[in-house]
There are 2 protein chains.
Amino acid sequence: MNPLHDITIKDIAQRLNVSVSTVSRALRGSTDIKKETRELILQVADELNYRPNPIALSLKDKKTKVIGVMVQEIANNYCSATIAGIEDYANKMGYQVLISQSHEKYDVEVTNLHLLASRRVDGIIITLSNETKNAAHLQDLIDKGIPVVMFDRVCEYLPSHKVIVDDCEGSYNATEHLIQQGYKRIAHLTISPSLAITQRRLKGYKDALKAYGIKTKKEWIIHCDFDPGHMEKDVRNLLLGPYKPDAIFSSVERLSMVCLKVMKQLNLKVPDDVAIAGFSDNPVSGFLSPALTSVAQPTFEIGQHAAALLISQIETKEKPKEYTTVQLKTRLDIRESSLAKKQMPADALQE
Amino acid sequence: MNPLHDITIKDIAQRLNVSVSTVSRALRGSTDIKKETRELILQVADELNYRPNPIALSLKDKKTKVIGVMVQEIANNYCSATIAGIEDYANKMGYQVLISQSHEKYDVEVTNLHLLASRRVDGIIITLSNETKNAAHLQDLIDKGIPVVMFDRVCEYLPSHKVIVDDCEGSYNATEHLIQQGYKRIAHLTISPSLAITQRRLKGYKDALKAYGIKTKKEWIIHCDFDPGHMEKDVRNLLLGPYKPDAIFSSVERLSMVCLKVMKQLNLKVPDDVAIAGFSDNPVSGFLSPALTSVAQPTFEIGQHAAALLISQIETKEKPKEYTTVQLKTRLDIRESSLAKKQMPADALQE
DNA sequence: TTGTACGCGTTATCAC
DNA sequence: GTGATAACGCGTACAA
């Protein structure tokens, strides 16, 4: 017997002198089949360690039981954590996951989506690349009958389910936490004002200040260029300038890191001199910098929800009448050492 | 025209009133075919946006152009960074990557390897789970004719290509760096002494001390339990005990982090009070803690090499006569602020 | 209850 | 040069 040869129903049929269809029936648990025959077949199948060939099934049924996932970079922590959630749910439902990366390039995204489609994946979960400005390529997929679910960087008007995070609330909570700790001169570091994410996080910050009767100050809302050099300069200017804050809420992890670095250079302590809170993708960051209060994204749950929405759509085989947008809550990670000494009773502040 | 219907060579054939075999030939670039016919076919194929169905090809050729990757956790930074390297090379060669996780469980590893095999992946790249003590399940795959390449946590005696990192040299370099910075009381924090990785990294540490004529001290080689609580206690004992070091070389990232945390609690400064160098998986850690000198793993290259070895084996279709073990060098990331003031000329030390 | 024949999309091997 | 046909592995409608 050739070990390189996968065994098929044909092999079992030959061995038992029955037809392939009998074997097929027995394996599929069809009722109308003689009990002895079936048990014999099942026994031999087990003996030969038979595994149905999913490729033959795919060809027949036009279903691959594979879902495609398109992210910017698999090495990006946010992405891989989300993929873990997708895998979790998908595997439970008998699906495998094929991963593809856009490397933040629109062209690559288009090309690789084609590749996934030509692999006949049953559906696609995607977070858009930086460069992607329109969703025509995704509309194409949907038109071809391939279900699409978006997460994180979604395209509002695309007819698909979406999974996002309540940035605004996350920002609000982080800012509120700083306020409740007794800080009043709270700056907000963020990135390009044109991004939707920037706007939502800025809103949460403003709303929190407003709710506690603190005036917003232009000088404390800083839109940094994403270039690391610029970032450092901006942070340094803020910390050394006339409007030195006593706390900073940063909208992206990178900016929190830059803050830590610059503060170290300036010999400032966190949180005693300036407290920091900010969004964080990396579970290590909290451990590394226990002074940091972070708004953690529920990445695993995002993945699970996305997979659930996709698979449900795949298996009902119809375009949904309406598309749902799942909005998940962030989690505020407050670490002991991020609690400053200057803390005062929260109710004293309420007045 | 039904948009849900993938177009096939049959469609093209019908449209041009030729047979499917003619279309197939034209598409495959066969020589014996009339030039006009071919061009017509190519044109229509392009027009209809024809994509060959890889599933049909797989069924016929028993090749899926998919490679399976088995890691502990995709959300683990080391793993996802390696996968990025695998993807890079594999995609260039026209392969897609199917990822599977063992979650550090032997049983799950076995089950999911079966799943990959039954998906008919052309080959498998794997790093073993913690629990895996033997490689019988991998030997099975190899016996079935599925090429296997191992990386990181490899099994020495398995007949497969392997990609590993020169831990010993990495340890040596880090320790040497500390010595050259002027440190002499260098402790080594590490984990279970029974692990191969522990032994290799310990050896590099010892070798470096020896090379510079520094005696090894038992009290400075600490095998910590992997439990976080124990780790902290061990580190605290070291720093407060009679054999307080002036530098620490830690064999795993986690221990470096614990050091930073405990030192902060004790109000000790890095590197002024105690310098730290250690292995690191996470690119963020260096940024977060600029005082840390880290031994960085060439994860991307590990992935690329593993994929290259696997694909080459897949495409030659024969079992290799001998198996290669690629051993990659680590990279020592020295950051400005990790250079202590106590630095003295290296040559003064050589005497 | 079981066997035969077909189709999924493609290529290779014939025959014309 | 081109067309018809078998084969890959499976499930199933149909025939027996």
Side-chain angles (χ1 to χ4, degrees), chain A residues 2 4-42 44-45 48-66 94 117-122 144-145, chain B residues 2 4-42 44-45 48-66 94 117-122 144-145:
Chain A
N2 181 359
L4 299 185
H5 178 266
D6 285 313
I7 74 113
T8 72
I9 52 172
K10 209 169 170 181
D11 298 320
I12 302 178
Q14 278 175 347
R15 186 126 144 186
L16 261 54
N17 267 324
V18 293
S19 75
V20 287
S21 48
T22 306
V23 177
S24 175
R25 271 187 281 256
L27 259 26
R28 297 224 55 228
S30 178
T31 51
D32 39 22
I33 187 171
K34 197 161 45 171
K35 206 176 174 185
E36 312 150 34
T37 324
R38 185 177 65 209
E39 286 176 356
L40 211 58
I41 289 172
L42 289 179
V44 173
L48 262 48
N49 202 17
Y50 166 79
R51 300 265 176 270
N53 186 330
I55 298 174
L57 286 177
S58 295
L59 187 59
K60 201 172 163 26
D61 302 340
K62 299 180 181 303
K63 288 275 161 229
T64 52
K65 287 279 183 181
V66 172
S118 77
R119 282 273 181 199
R120 278 29 177 204
V121 294
D122 291 343
K144 275 176 91 176
Chain B
N2 181 359
L4 299 184
H5 178 267
D6 286 312
I7 75 114
T8 73
I9 52 172
K10 211 168 168 180
D11 298 321
I12 303 179
Q14 278 177 346
R15 185 126 146 183
L16 262 53
N17 267 325
V18 293
S19 74
V20 286
S21 39
T22 305
V23 177
S24 175
R25 268 189 283 255
L27 259 28
R28 299 225 54 228
S30 179
T31 50
D32 41 21
I33 187 170
K34 195 161 45 169
K35 204 174 176 185
E36 311 149 34
T37 324
R38 186 178 64 208
E39 286 176 356
L40 211 57
I41 290 172
L42 290 180
V44 173
L48 262 49
N49 201 18
Y50 167 78
R51 301 264 176 269
N53 185 331
I55 298 174
L57 287 177
S58 296
L59 186 59
K60 210 173 158 25
D61 303 340
K62 298 179 181 305
K63 290 274 161 233
T64 53
K65 287 281 185 177
V66 172
S118 77
R119 281 272 182 200
R120 282 19 179 212
V121 294
D122 291 343
K144 275 176 91 177

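When reading the values below, keep in mind they use all heavy atoms of this one structure, side chains included, and skip hydrogens, waters and symmetry mates. Order of the sequence lines fixes the chain letters, A, B, ..., with proteins taken first and strands second; residue numbering starts at 1 for each chain.
One can place NZ of A/Lys10 at 14 Å from C1' of C/dA5, the figure rounded to the nearest angstrom. Here C/dG3 presents its C1' atom at 15 Å from CD of A/Gln14, a figure rounded to the nearest Å. The interatomic distance linking B/Leu59 (CG) with D/dG9 (P) rounds to 7 Å, in whole Å. When rounded to the nearest whole Å, the span between CD1 of B/Ile55 and P of C/dT10 equals 11 Å. The CG atom of A/Leu40 sits 15 Å away from the C1' atom of C/dT1 (whole-angstrom rounding). If you take CG of B/Leu27 and P of C/dT10, they are 9 Å apart, rounded to a whole angstrom. Following rounding to the nearest Å, A/Glu39 (CD) and C/dT1 (P) show an atom-to-atom distance of 13 Å. For the pair A/Asn17 CG and C/dT2 C1', the computed distance is 13 Å after rounding to whole Å.
Between B/Ile41 and B/Leu27 there is a side-chain heavy-atom pair separated by less than 4.5 Å. B/Tyr50 places none of its side-chain heavy atoms less than 4.5 Å from the side chain of B/Val44. Annotation: side chain of A/Val66 is not in contact with side chain of A/Asp122 (no heavy-atom distance under 4.5 Å). Taking the side chain as every heavy atom from C-beta outward, B/Asn49 and B/Arg51 approach each other to under 4.5 Å. At a threshold of 4.5 Å between non-hydrogen side-chain atoms, the residues B/Arg119 and A/Lys65 count as touching.
Nearest-nucleotide assignment on DNA chain D puts the 5′-proximal partner with A/Ile9, out of A/Arg25 and A/Ile9. Nucleotides of DNA chain D nearest to B/Thr22 and A/Tyr50 differ in position, and the one nearer the 5' end is that of B/Thr22.
Both key distances under 3.5 Å define a Watson-Crick or G-U pair, and stretches of 3 or more such consecutive pairs in DNA chain C run C:1-16 with D:1-16.
As judged by a 4.0 angstrom heavy-atom cut-off over every strand, B/Thr37 is placed among residues touching the sugar-phosphate backbone only. B/Ile33 comes within 4.0 angstrom of sugar-phosphate atoms only, judged by non-hydrogen atoms across all strands, and of no base. Counting non-hydrogen atoms under 4.0 angstrom, B/Lys60 reaches a base of the nucleic acid. Heavy atoms of A/Val18 sit under 4.0 angstrom from primed sugar atoms or phosphate atoms, though from no base atom.
Here A/Lys63 does not reach the OP1 or OP2 of C/dC8: none of its side-chain N or O atoms lies under 4.0 Å away. For B/Arg28 and C/dA12, the shortest distance from a side-chain N or O to OP1 or OP2 is below 4.0 Å. For A/Ser24 and D/dC10, the shortest distance from a side-chain N or O to OP1 or OP2 is not below 4.0 Å.
Between A/Asp6 and A/Asp11 the shortest heavy-atom distance is O-OD2, 3.8 Å. Minimum interatomic distance between A/Arg120 and A/Thr64 (heavy atoms only, all atoms of both residues): O-OG1, 2.8 Å.
Comparing C/dC8, C/dT4, D/dT5 by their nearest atom to the side chain of A/Ser21 picks out C/dT4. Among the nucleotides C/dC8, D/dG9, D/dT2, the one closest to the side chain of A/Thr8 is D/dG9. Set against D/dG1, D/dA4, D/dC10, the side chain of B/Lys34 has D/dG1 as its closest nucleotide.
Side chains of A/Ser24 and A/Ser21: no donor on one and acceptor on the other come within 3.5 Å.
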